[in-house]
A.B. asks: 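Mind looking over this structure? Questions follow.
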Amino acid sequence: VVIGYAQSYYFLIVARLVEGICGGTASVAASYIADVTTDEERPGYMTYFQAAIFLGLSAGPSLGGFMNKVGGFRAACYAAAAICALNLLAMIIFLP
């Protein structure tokens, strides 16, 4: 969200730095999957997890480019913030 409000280049760099520090949750998610699944279930859930990551890496640039064309770079920033909010809500609801 902060990047979407950036009015200067320096503010954009600082906002990106802060958001980069707060990111990097894929390893935490993989660790959680490893902790809560049995040895038999783990390969299946890890496959879904990796598929979701690679789907994001494949589709993300195209969707981001489309959003940039339609609504400017702020649209992609706000869409990413909405996805993060949905992830947080799902985590609160579904995780013990």
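Side chains are part of it too, since the values below use all heavy atoms of this structure and drop only hydrogens, waters and symmetry mates.
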A.B. asks: Given the rule that I, L, V, M, F, W and Y join up when any side-chain heavy atoms are under 4.5 Å apart, are L57 and Y48 in one cluster?
C.D. replies: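 Per the 4.5 Å side-chain linkage, L57 and Y48 are co-clustered.
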A.B. asks: Identify whether Y32 and I92 are in the same connected component of the hydrophobic contact network (ILVMFWY, side-chain heavy atoms under 4.5 Å).
C.D. replies: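 Yes; tracing contacts between hydrophobic side chains, which count when under 4.5 Å, links both residues.
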A.B. asks: May I ask whether Y45 and F49 are part of the same hydrophobic cluster, defined by side-chain heavy atoms of I, L, V, M, F, W, Y residues being less than 4.5 angstrom apart, directly or through others?
C.D. replies: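 Linked, Y45 and F49 end up in one cluster.
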A.B. asks: Could you tell me which non-hydrogen atom of T37 sits nearest to which non-hydrogen atom of R42, and how far apart they are?
C.D. replies: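 So the minimum-distance heavy-atom pair works out to O-NH2, 3.0 Å.
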A.B. asks: Checking R74 side chain against A6 main chain: does a donor-acceptor pair fall under 3.5 Å?
C.D. replies: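 Pair found, side chain donor or acceptor close to backbone of A6.
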A.B. asks: Provide the closest heavy-atom pair for S58 versus P61 in the form atom of the first, atom of the second, distance.
C.D. replies: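 Result for this residue pair: O-CD, 3.9 Å.
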A.B. asks: Is I83 reachable from L63 through a run of hydrophobic residues whose side-chain heavy atoms are each under 4.5 Å from the next?
C.D. replies: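 Different clusters: L63 never reaches I83 through Ile, Leu, Val, Met, Phe, Trp or Tyr contacts under 4.5 Å.
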A.B. asks: Strictly distance-based, threshold 3.5 Å: is any side-chain N or O of T38 a donor or acceptor partner for the main-chain N or O of E41?
C.D. replies: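 The answer is yes, because a donor-acceptor pair under 3.5 Å joins these two groups.
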A.B. asks: Nearest 0.5 Å, please: how far is SG in C84 from CD in E19?
C.D. replies: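 Here the rounded value is 8.0 Å.
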A.B. asks: For residues I21 and L88: do they belong to one hydrophobic cluster (side chain heavy atoms under 4.5 Å, members Ile, Leu, Val, Met, Phe, Trp, Tyr)?
C.D. replies: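 No, I21 and L88 fall in different hydrophobic clusters.
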A.B. asks: Given side chains that start at C-beta, do those of I13 and Y10 come closer than 4.5 Å, heavy atoms only?
C.D. replies: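 No, their side chains stay 4.5 Å or more apart.
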A.B. asks: Would one find more than 12 heavy atoms of other residues, nucleotides or ligands at under 6.0 Å from atom CZ of F73?
C.D. replies: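 Yes, because the 6.0 Å sphere around CZ of F73 holds more than 12 heavy atoms from other groups.
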